[in-house]
Structures are given as C-alpha cells and as structure tokens.
Trainee: 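Here it is, the structure in full.
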Protein chains: 2
Amino acid sequence: MITERELQAGSTRSKILAIAAEEILRNGFQSSSIGEILKKACVSKGCFYHHFNTKQALGYAVLDESLTQTKTQMWKPILTSENPLQSVINMLNNPDQYLDCETVKHGCPINNLAQEMSPLDEGFRSRIEAIYTEWKIQLSESLQRCQNSGEMIKEANADEIATLVIAVIQGAVGIAKNAQQPTSFTEYTQGLVNYLQKLQIHN
Amino acid sequence: MITERELQAGSTRSKILAIAAEEILRNGFQSSSIGEILKKACVSKGCFYHHFNTKQALGYAVLDESLTQTKTQMWKPILTSENPLQSVINMLNNPDQYLDCETVKHGCPINNLAQEMSPLDEGFRSRIEAIYTEWKIQLSESLQRCQNSGEMIKEANADEIATLVIAVIQGAVGIAKNAQQPTSFTEYTQGLVNYLQKLQIHN
DNA sequence: CAATATACAGACCAACTAGTCGGTATGTCA
DNA sequence: TGACATACCGACTAGTTGGTCTGTATATTG
C-alpha cells in the first residue's frame, strides 16, 4: 500500500527530476549546479541528498526516469502509426509540429548528454546506448512493417535506412542548434527526405 | 621586424592553445579548468592572463587559431583531390585512416564546442557557424566539380548532397562517440555511401 | 648605458562547488 | 499512545573556480 507520505515524497522527487532535466538541457550535466537546481525546485539541500546520493545519481535518474519517457513520447506516435515511413517524412518536413523551440535551441537532451558524458562516465554511456539501440530497432521494425504492407520497396535494407535516418536527424538537430534556427533542420534533412521518397510505393 | 622575444612569447602562446584544445576536447569548455591547463602547459597564471584576458578569450582563440586549422587539415586533401566524391566515399569507408582514435573517443572538437556553447554564447556560435558554412560551400563546390568532370550525375543537387553528407557525418561521429567504437561510424554512414555510389558515374 | 615595455611569476581573493552532518517535524504502525 | 522511520532543514566544510595584483627579470630601443 502506498502511504500519503510516500506520495508526497514521490512528488518532491519528481519535481527535482523535472527541474534537473531542464537545467541539464540548458547547461549540460557538469555545468549544472545542484545549488541552482535546489533554488529553482524550492527544495533544501538535505532534502535533495535524501533522494539522491550524489550528483551522478541524479544524472542517471534523469536519464532513466525522465529522458527515456521524453523519447517515447516523441517517437511512439510515429513508430506506431499506420504508415511509419510517411510519418517520418512528415516529421522531417514539419519539424515545428514535433520539436518545441526549446529543443531547437538546446538540442536533443539525450544526445547532449551523450556527447558530454559518454567518454567520461560509463554509467551515462551504457544508459544512452540502450536508448539509441531501442530507437534503432523500433524504427527498423516499423520500416519493415512498411515493406510488408507494400508501402516501401523491399530492395532497401530497413536496418540500414533506420540507422541513416537516425544519423541524419542527430546531425541536423546539432546543426540547427548551432544555427539557432529551425530552418536549418529542414535544410539539412531535405536530402534524406528525397531519398526516403524514392523508397516509397504510392498505392 | 620580429624579435627573439616575440618569438618566444608566440611559442608560449601556442603551447597554451594546444593544451587548451586538448583539454576542451576531453572535458568540454566549461568543465575545462584554467588551473589544469596551466599545470599541463607548465605555465604560470600570470603568464596565462598576459596572453588571454579571460577564459572566454582563450575559447575564441582555440576556435580561431587551432580548430579552423584542424578542420582544414582534415578536409583539404579530400576537397582538392582529383575526384572529391570518390574521396568522400573512401573516407566514409575507411574512417580509421582519417580520424584518429582521440576523435572517435571524444568526437569532433568543433561540433562538441558547438553543442555545448552555441546556445550560451554568441561569440562561439557565430565562429562555429562560419566554419560550418565554409565547409558546406567547399564541399558543394567540389561536388559540382565532379558533375562538370562527368564523375557525378548532374540531376543531383550538389548543395543538397553536401548538406546531407555533413549531417550524416556529424550524426555518425556523435553516435560513434557514444558507442565508443569506430565500427559504429561505418555502420551509420553505410546508407549514405550506398546513396552516394548511386550518384557516381564510372568511366 | 639608461629607460621602457614586454613576458612572466605566484600569492591572493571572493564566489562557488559537491557533499556532510546534527537536528527536527511528522506520518505510520505496533 | 508511544516508538520509530522517513522526509526534510540548513549551517558548515574542504576544495576548486576564474580572475587580480604586486613584483621581477630581461630583451629592446632611444
């Protein structure tokens, strides 16, 4: 049974995680200050260290509990749609509908963390790799579904296309972040869209 | 006239820049400590602040004087080669010959800095954007040269292909960095290679 | 040779860092 | 009701940060 007390504690923890995710998106993990997170979450230091043993533990928790969700929220509609290949093309053509302006400004929170922390901390690295692997597998399976339902040519290797899509998106998000404007995103994915359209079978 | 004194000072400055570039590649800009750079460069604090007014100024100098060179060293041979399209394909197929293991581990130094600093500091952002823009233009021109010399089909849009190549490379370097192994790089660029080969005209 | 400017040395500072620790208030449960 | 555990409080510490300041040694120049 879950007590009132545990409920309250859980919401405190969630609040810390949410604020931490924001701060990390803005400043990166290492340059995010616990003190600043405490201030913004209106939480005392004692409270924070009651919920998280170290700053590293906070980082892991943000990945495990917050960012995996973020990724699922973004991609599940696309992957489970009627025609995933078309959905991917739609997303690349209308990124505004899928990416909020925070993401354009600060990039993909998962990829940011990957770039900063993977060479430095195996715990971050393995968690992020798991997310990427799952992403790739799901996208590949969705594309295979397109092939089976006759919406995508069977000559293409679904796995290879999936990896290409992911690489282009990661690259384009990074470049758009640097340009600080979303038009760059479409500019850099246009080549991919043209390629994907050649794989489509229109019934 | 350049005095012996200025020569010595220049070499001190260069030493600081080289060490700083290494440290920034490893830890990022914000998490690189000036103290650590001083220690590794065997240089006093007074000396450092004689050459660079602030940490920010050091970061700008690393971009302007060190990383632009790094980029040129890497790409000039490819861009000015007989058949740039083929050279790009070669590079994607044999990244080991072009990327050292430090780059695989820590990623592209320019892109790292972009992802970390572009949203936070306009000086970093604009410098990096200039490098990217130059890169894209040069690559596009090289591909046009391929089209003119009959090594690449003219139906393709050189500019669009250039941006696609850059996006995929950035994405793949990032993913390889996360996986911490260079095989990921070729895995994620394979789709692009197949695409590029379709653009080739073999005489 | 004397005056000066440059290159460097390193003690010092205020602000900030992650993390600790003794204490407290209160919901839970026997 | 009373003992206990959980959630939280915030002063404190030890160390690090970027940056300043006074001082010095010497190459350059008038």
Side-chain angles (χ1 to χ4, degrees), chain A residues 1-24 26-63 65 113 116-117 120-121 123-124, chain B residues 1-24 26-63 65 113 116-117 120-121 123-124:
Chain A
M1 181 212 164
I2 192 162
T3 66
E4 185 189 328
R5 206 186 165 90
E6 283 168 342
L7 210 74
Q8 175 57 38
S11 104
T12 305
R13 190 189 151 90
S14 301
K15 186 164 62 178
I16 296 174
L17 277 177
I19 301 280
E22 255 181 66
E23 281 292 297
I24 292 173
R26 281 186 160 68
N27 312 311
F29 176 72
Q30 296 176 96
S31 296
S32 285
S33 140
I34 292 182
E36 195 64 25
I37 292 170
L38 300 185
K39 221 185 288 173
K40 292 196 175 160
C42 298
V43 149
S44 75
K45 202 149 225 186
C47 176
F48 175 86
Y49 277 97
H50 171 72
H51 288 285
F52 304 97
N53 284 326
T54 61
K55 189 187 181 185
Q56 187 192 50
L58 171 69
Y60 290 178
V62 166
L63 262 174
E65 297 167 45
L113 221 35
E116 179 186 7
M117 297 307 296
L120 305 178
D121 184 304
F124 279 99
Chain B
M1 180 216 166
I2 192 161
T3 67
E4 184 190 329
R5 205 186 164 91
E6 284 167 341
L7 212 70
Q8 175 58 38
S11 104
T12 305
R13 189 189 152 91
S14 301
K15 186 166 60 177
I16 296 173
L17 277 177
I19 301 279
E22 255 180 67
E23 282 291 297
I24 292 173
R26 281 186 161 68
N27 312 311
F29 177 72
Q30 295 176 96
S31 296
S32 285
S33 136
I34 292 182
E36 195 65 25
I37 293 170
L38 299 185
K39 222 185 286 173
K40 292 195 175 160
C42 298
V43 149
S44 74
K45 203 151 224 187
C47 176
F48 175 86
Y49 277 97
H50 172 71
H51 287 284
F52 304 96
N53 285 325
T54 60
K55 189 187 181 186
Q56 187 192 51
L58 171 69
Y60 290 177
V62 166
L63 262 174
E65 296 168 47
L113 221 35
E116 181 186 5
M117 297 306 297
L120 305 178
D121 185 303
F124 278 99

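Every heavy atom of this structure was used, including side-chain atoms; hydrogens, water molecules and symmetry mates were not. Each chain gets a letter, A, B and so on, in the order the sequences are listed, and its residues count up from 1.
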Trainee: Can you name the residues that form a ring-ring contact (aromatic ring centres under 6.0 Å, His included) with Phe124(B), not counting sequence neighbours?
Mentor: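 Phe124(B): ring-ring contact (aromatic ring centres under 6.0 Å, His included) contacts with Phe29(B), Tyr60(B).
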Trainee: Say whether, by atom type as modelled, one donor and one acceptor occur between the side chain of Glu116(B) and the main chain of Gly28(A) under 3.5 angstrom.
Mentor: no
Trainee: Between dG19(D) atom C1' and Ile37(B) atom CD1, what is the distance in whole Å?
Mentor: 14 Å
Trainee: Can you check the Lys15(A) NZ to dA7(D) C1' distance for me, whole Å?
Mentor: 13 Å
Trainee: Which residues pass the side-chain hydrogen bond (donor to acceptor under 3.5 Å, both in side chains) test with Glu22(B), not counting sequence neighbours?
Mentor: none
Trainee: Throw together a table of side-chain donor-acceptor distances under 3.5 angstrom for residues 37-48 of chain B, partners on residues two or more places apart or in other chains.
Mentor:
| unit_1 | atom_1 | unit_2 | atom_2 | d |
| --- | --- | --- | --- | --- |
| Lys40(B) | NZ | Glu23(B) | OE2 | 2.7 |
| Ser44(B) | OG | Cys47(B) | N | 3.1 |

Trainee: Considering non-hydrogen atoms only, spot the tightest contact between Ala57(A) and Asn53(A) and give its length.
Mentor: CB-N, 4.2 Å
Trainee: Grab the two heavy atoms, one from Asn27(B) and one from Ser31(B), that are nearest each other, plus how far apart they are.
Mentor: O-CB, 3.3 Å
Trainee: For Phe52(A) and dC8(D), give me the distance from atom CZ to atom C1', rounded to whole Å.
Mentor: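 Phe52(A) atom CZ is separated from dC8(D) atom C1' by 14 Å.
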Trainee: Output the rounded distance in Å from CD1 (Ile34(A)) to C1' (dT17(C)).
Mentor: 9 Å
Trainee: Students often get this wrong, so: under 4.0 angstrom with heavy atoms, is Ser31(B) touching a base, only sugar-phosphate, or nothing?
Mentor: nothing
Trainee: OP1 or OP2 of dC8(C) sitting under 4.0 Å from any side-chain N/O of Thr12(B)?
Mentor: yes
Trainee: Can you name the residues that form a side chain to side chain contact (heavy atoms under 4.5 Å, CB included) with Ser33(B), not counting sequence neighbours?
Mentor: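 For Ser33(B), the residues satisfying side chain to side chain contact (heavy atoms under 4.5 Å, CB included) (neighbours in sequence not counted) are Glu36(B).
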Trainee: Measure across His51(A) and Arg13(A) and return the closest heavy-atom pair with its distance rounded to 0.1 Å.
Mentor: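 Nearest pair, atom of His51(A) first, then Arg13(A): O-NH1, 3.7 Å.
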Trainee: Looking at residues 16-23 of chain A, who's got a heavy atom less than 4.0 Å off DNA chain C?
Mentor: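 The answer is none.
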Trainee: What is the separation between atom NZ on Lys55(B) and atom C1' on dT20(D), rounded to the nearest whole Å?
Mentor: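 Those two atoms, NZ and C1', are 17 Å apart.
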Trainee: Kindly point out which of dC8(C), dG19(D), dC8(D) is positioned nearest to the side chain of His51(A)?
Mentor: dC8(D)
Trainee: Take atom CD of Gln30(A) and atom C1' of dT17(D), then tell me their distance rounded to the nearest Å.
Mentor: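 After rounding, the reported distance stands at 14 Å.
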Trainee: Might you work through the side-chain contact (heavy atoms from CB on, under 4.5 Å) test for Leu17(B) and Leu58(B), ending with a clear yes or no?
Mentor: CA-CA 8 Å; Leu17(B) 277 177; Leu58(B) 171 69; 4.2 Å; yes
Trainee: Kindly say if His50(A) contacts the phosphate of dA7(D), meaning a side-chain N or O under 4.0 Å from OP1 or OP2.
Mentor: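 Checking dA7(D) against His50(A), a side-chain N or O does come within under 4.0 Å of OP1 or OP2.
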Trainee: Look at Ser33(B) and dT16(D) and indicate whether a side-chain polar atom (N or O) is within less than 4.0 Å of OP1 or OP2.
Mentor: no
Trainee: Near DNA chain C, counting only heavy atoms under 4.0 Å, which residues of residues 38-49 of chain A show up?
Mentor: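 Only Lys45(A), Tyr49(A) qualify.
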